[in-house]
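Only one structure is covered here, and it is reproduced in the block below.
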Amino acid sequence: MRGTGVPSFRRTALAGAVLATALGGGAILVACGAGGQDGAADGPARLSVADSYIPLPPAGGMAAGYLTVRNDGGQDQLVKVSSPAAQSVTMHRSTASTMEQVERLDVPAHGALQLARGGTHLMIMGWQKTPALGDELELDLTFARTGTISVKVPVKELTYRPGQQ
Ligand SMILES: [Cu+2]
């Protein structure tokens with residue numbers, strides 16, 4: 001995290017962490033367990049993307065991106081994210097007090113990779129055009145085994161949570 005947007009984003013992320021904990025029981029997909037430990041031997045990954053959204057960034061500044069990658073097959077890894085709408089999309093992992101950029105994120109076999117408030121997320125910078133509520137922005141998610149999946153991600157209010165209209 002760099003730049004002028006840091007303090008307000010951090011407050012948002014911390015508030016999100018509390019809510020994510022409260023909702024966690026219903027939202028977390030648990031891996032199937034038996035036989036799923038050796039994901040690479042478990043056949044091809046079968047990925048789908050759900051619950052994607054971008055909270056409206058203040059004044060066209062840095063935005064976060066959230067989504068869930070569901071996997072009904074063998075393990076995969078998210079290795080790159082890009083967008084024709086922005087110069088830079090990076091993957092970040094939140095820790096208790098800060099966040100760090102990561103180069104890849106595991107998508108467990110028969111499980112899910114969740115990018116959610118207070119946890120792992122995307123940071124999007126350098127918009128070609130200032131995003132507005134209701135826009136749909138393309139994100140190109142590249143996976144080590146599956147290749148690239150392109151999704152249209154809606155821009156939502158800052159307070160939006162998936163499953164809450
Ligand atoms: Cu970040």
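Each ligand, and each atom within it, is numbered from 1 in the order the structure gives.
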From L139 CG over to L122 CG, what is the distance, rounded to the nearest 0.5 angstrom? 6.5 Å

Working to the nearest 0.5 Å, report the span between CG of D51 and OG1 of T68. 5.0 Å

Quick check for you: with the Cu ion (ligand 1) as the vertex, what angle do NE2 of H121 and SD of M123 span, to 10°? 90°

Tell me whether T90 has at least one N, O or S atom under 2.8 Å from the Cu ion (ligand 1). no

Determine whether more than 12 heavy atoms belonging to other residues, nucleotides or ligands lie under 6.0 Å from atom CD of E100. yes

Is M99 close enough to the Cu ion (ligand 1) that one of its N, O or S atoms comes in under 2.8 Å? yes

With respect to the Cu ion (ligand 1), what is the nearest N, O or S atom of H92? ND1

Output the distance between atom CD (Q77) and atom CZ (R104), rounded to the nearest 0.5 Å. 4.5 Å

